[in-house]
Amino acid sequence: MSPNLDSPIKTQMAVSVLNHTLNYEYHRSNQSDGKPSGRRRVFVQTETGCVLGIELDRADNAHTVKRRLQIALNVPTDESSLTFGDLVLKNDLSGVRNDSPLLLTRNSMHRSSSTPCLSPTGKDIHQQRDRSGPIEVLVCSSRCSRTRQLVKDVVKAIKIGVDPLPVHGGLGGAYYFRNTRGESVAIVKPTDEEPFAPNNPKGFTGKALGQPGLKRSVRVGETGFREVAAYLLDYDHFANVPPTVLVKITHSVFHVKEGVNTNTSGKAVDRKRSAVSKIASFQQFIPHDYDASDHGTSSFPVAAIHRIGILDIRIFNTDRHAGNLLVRKLEGATGRFGAQTELIPIDHGLCLPESLDDPYFEWIHWPQASIPFSGDELEYVANLDPVKDSEMLRMELPMIREACLRVLILSTIFLKEAAAFGLCLAEIGEMMSRELRGMEEAPSELEVVCIEARRLVAEKVVVISPVISTNYDDTIQFDIDYEEADPVMPKSPGFNLGSRGRISRNPLSRLDESLEEDDENIEQKVEDTSSCCSAAREWPPHVSRLSTSLKTMSLAGKGGQNHRVAGVPRANCTAGRNSGVHQGGNSRSANEHLPASVSFVKLADMGEEEWSAFLEKFQELLQCAFCGRKCRATGQRLGSSCQF
């Protein structure tokens, strides 16, 4: 597709985002799933994983819910807050939808253990008992009709004594649930058994729910709704994501760490262990022959790789490796280049981070990713609407954080613009991926564009008003990076913190220095580029040298900078199904295993008008960044024949 064609999404997208965001609270308070408004039910989860279903009356508020939780579970609720995604519930619960999951978190991470608990009577416990069924689907509409029938089949099997089977691979707790014939039909991943969560069965503990997790931009206990989000965003089953829902599920098979308080179902069970309730993702199990790490990737269908890659770009997947691509042979199918296999992408719990992170796309190095998109694929991408996508997720998953939705909008805009410009999947993925410069990470090409867009918007705001509000939402309980002194991008580009927390030079200045080294070689190429780069030279003086040099910039093309390649150990890959890191029963501290990562770009701290202006500048700068990528298209791309 010609790079001179008009962009499918221009300034109107930024205005649309602003209009939708300003109406956010209105939509959220008026959500309805067709159930009676007089009486609702919520599922409250504590930091340690305890879950209780509570029927709400009209007069109920946050305080009465906490008191009922204290009586039923005998847990302290003083110095605690009831949260619903970004929202801290002060009193009114009208914005909470029916069957929504809430989280009870402590305000002080080092609260005294002498906080008193009530000693509930037997009558109190009976009144507050969880009366929900073995499996309850949470906050889901008719989109989940396929999975609801699957839930019914599993419930029937549980009632006749067909127990689930634990999954021994991976870092987190997972279980195969079966039907009445004993066939595995669903895989369930409890949120409190994720890596570093309180009840992780593999020994990876040390974090409370809501704290930074395996990826610092994804909180512990929040991978479940991300699994559901990936399925909901896979329109028309384009990438083949298995049906997934969020559930409250009760069974005795689940792991509970010794010393962690938990609740029981209140019903007698003929098992040595009591049944416990969990919030979990519930995904249809797809029978398969192997995963992509067990097979030569060059034989996979081009269309399958493209479709999965398109999804990964949209959701900013930070953990796409061969181990979470299932391969199923198609009987009787023949043809060249993988027409006889089908790919099923799974494990999307580390997508939609709260800030731009370092994604991992193993398919970057596969030959299919360098083949241009087909007409159908380009049409699918062109029809994507990131604003409608974010509105849909707000309706279906009201607990999702606004920062995650901003990442979705940004990455979808980037995908649409890049595909319209004519970039292939590998080029798009490379522009999103960071590089290693010595022992430190350098910002990706996408992040460099975002940094410059933020700088330009900040300069404009300073001219209008010297006061810049950095308060995004005073209802957010705490910053995801509160625990360690992670760097935060300043409003002005005067300094930057290194990946180890120490002050280093601004990455923009280092980029300028590296660009100077290649100025003579690039100058001739610039003269031959498309007209969009020529027009960019006429930008006003307030645009920095970095802005104009973006049109000839390609981080991946610099000598001495190593692009991530498959086979290099990294934290992103450790969450996969086949990781052997979890072997052994010794407990591990989360602080010993959390990767040190830097946040070059954060989106949540921008106000509504600043966010809209940022998107507008972002799209303007993208065209020059794409021209720079094309200038270096003749260079050899790293990783074209990597080994697994």
Side-chain angles (χ1 to χ4, degrees), residues 83 85-86 103 171-172 191 194-197 204 206-227 229-230 233 312-321 347-361 390 393 397 399-412 414 432-434 440-444 446-447 450-451 454 472-473 476-489 496-501 564 570-576 590-591 593-606 611:
T83 63
D86 285 326
L103 179 64
L171 298 182
T191 58
E194 296 175 6
F196 307 134
F204 289 91
K207 295 284 186 178
L209 298 182
Q211 294 184 8
L214 188 65
K215 298 287 291 186
R216 294 195 58 79
S217 54
V218 178
R219 305 184 194 223
V220 174
E222 297 190 359
T223 64
F225 72 72
R226 286 175 165 85
E227 296 261 16
L233 290 170
D312 287 340
I313 297 295
R314 291 175 62 201
I315 63 178
F316 208 96
N317 196 348
T318 65
D319 188 39
R320 172 63 71 211
H321 57 88
D347 293 348
H348 298 103
L350 295 179
C351 71
L352 296 178
E354 293 187 40
S355 60
L356 292 190
D357 211 314
D358 186 19
Y360 185 69
F361 309 131
S390 63
L393 289 184
L397 299 171
M399 77 292 293
I400 194 169
R401 299 181 185 274
E402 192 69 15
C404 304
L405 298 179
R406 288 190 172 186
V407 170
L408 170 67
I409 291 172
L410 182 78
S411 55
T412 304
F414 177 70
M432 297 176 68
S433 301
R434 293 178 182 173
E440 295 186 352
E441 286 183 335
S444 66
L446 172 63
E447 288 174 309
C450 292
I451 291 169
R454 289 210 64 169
Y472 165 63
D473 189 347
I476 297 179
Q477 187 175 0
F478 57 87
D479 194 303
I480 192 169
D481 293 325
Y482 76 95
E483 191 176 26
E484 297 180 11
D486 256 22
V488 180
M489 283 304 301
N496 181 69
L497 295 180
S499 62
R500 294 294 184 268
R564 304 274 189 171
R570 54 177 292 158
N572 291 14
C573 303
T574 59
N591 293 327
H593 294 269
L594 282 175
S597 60
V598 59
S599 295
F600 293 109
V601 180
K602 291 187 178 181
L603 307 177
D605 60 346
M606 284 186 276
W611 167 242

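All heavy atoms count here, side chains included; hydrogens, waters and symmetry mates do not. No experiment lies behind these values; they were computed from the predicted model shown.
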From [X] atom [atom1] to [Y] atom [atom2], the distance as rounded to the nearest 0.5 Å:
X	Y	atom1	atom2	result
Arg454	Phe600	CZ	CZ	14.5 Å
Arg219	Cys404	CZ	SG	8.5 Å
Arg314	Leu410	CZ	CG	14.0 Å
Glu227	Thr191	CD	OG1	12.0 Å
Lys215	Asp357	NZ	CG	4.0 Å

Where the side chain of Thr83 meets the backbone of Leu103, is there a donor-acceptor pair that is under 3.5 Å apart?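 Checked: pair present.
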Main-chain N/O of Cys351 paired with Arg226 side-chain donor or acceptor, under 3.5 Å: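 It does hold such a pair.
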In chain order, what residues pass the side chain to side chain donor-acceptor pair (under 3.5 Å) check against Asn317, with sequence neighbours excluded?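 Applying side chain to side chain donor-acceptor pair (under 3.5 Å) to Asn317 gives Asp312.
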Side chain to side chain donor-acceptor pair (under 3.5 Å) involving Glu447 - partner list, sequence neighbours excluded: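 Here the qualifying residues are Arg434, Ser444.
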Passes side chain to side chain contact (heavy atoms under 4.5 Å, CB included), Leu405 versus Val407? Steps please. CA-CA 5 Å; Leu405 298 179; Val407 170; over 6 Å; no
Should the pair Arg406-Glu354 be classified as a salt bridge under the 4.0 Å nitrogen-to-oxygen rule?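 The answer is no: the pair does not qualify as a salt bridge.
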Do Glu222 and Arg401 sit within salt-bridge range, that is, some charged N less than 4.0 Å from a carboxylate O?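 Answer for the salt bridge query: yes.
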Verdict with reasoning, Leu446 to Ser433, per side chain to side chain contact (heavy atoms under 4.5 Å, CB included): CA-CA 8 Å; Leu446 172 63; Ser433 301; over 6 Å; no
Restricting to non-hydrogen atoms, name the atom on [X] and the atom on [Y] that form the minimum distance, rounded to 0.1 Å.
X	Y	result
Leu408	Thr412	O-OG1, 2.7 Å
Leu356	Cys450	CD1-SG, 3.8 Å
Pro443	Ile451	CB-CD1, 4.5 Å
Leu209	Gly221	CD2-CA, 3.9 Å
Pro212	Val220	O-CG2, 3.7 Å
Asp86	Glu402	OD2-N, 2.7 Å

Does any part of the side chain of [Y], heavy atoms only, come nearer than 4.5 Å to the side chain of [X], both counted from C-beta?
X	Y	answer
Ile409	Phe414	no
Thr318	Asp358	no
His348	Arg320	yes

For the pair Leu352 and Val218, evaluate side chain to side chain contact (heavy atoms under 4.5 Å, CB included) and give the outcome as yes or no after the intermediate values. CA-CA 8 Å; Leu352 296 178; Val218 178; over 6 Å; no
Applying side-chain contact (heavy atoms from CB on, under 4.5 Å), can you list everything that pairs with Ser411, at least two apart in sequence or on another chain?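 Applying side-chain contact (heavy atoms from CB on, under 4.5 Å) to Ser411 gives Phe316.
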Derivation of the side chain to side chain contact (heavy atoms under 4.5 Å, CB included) call for Phe361 and His321: CA-CA 7 Å; Phe361 309 131; His321 57 88; over 6 Å; no
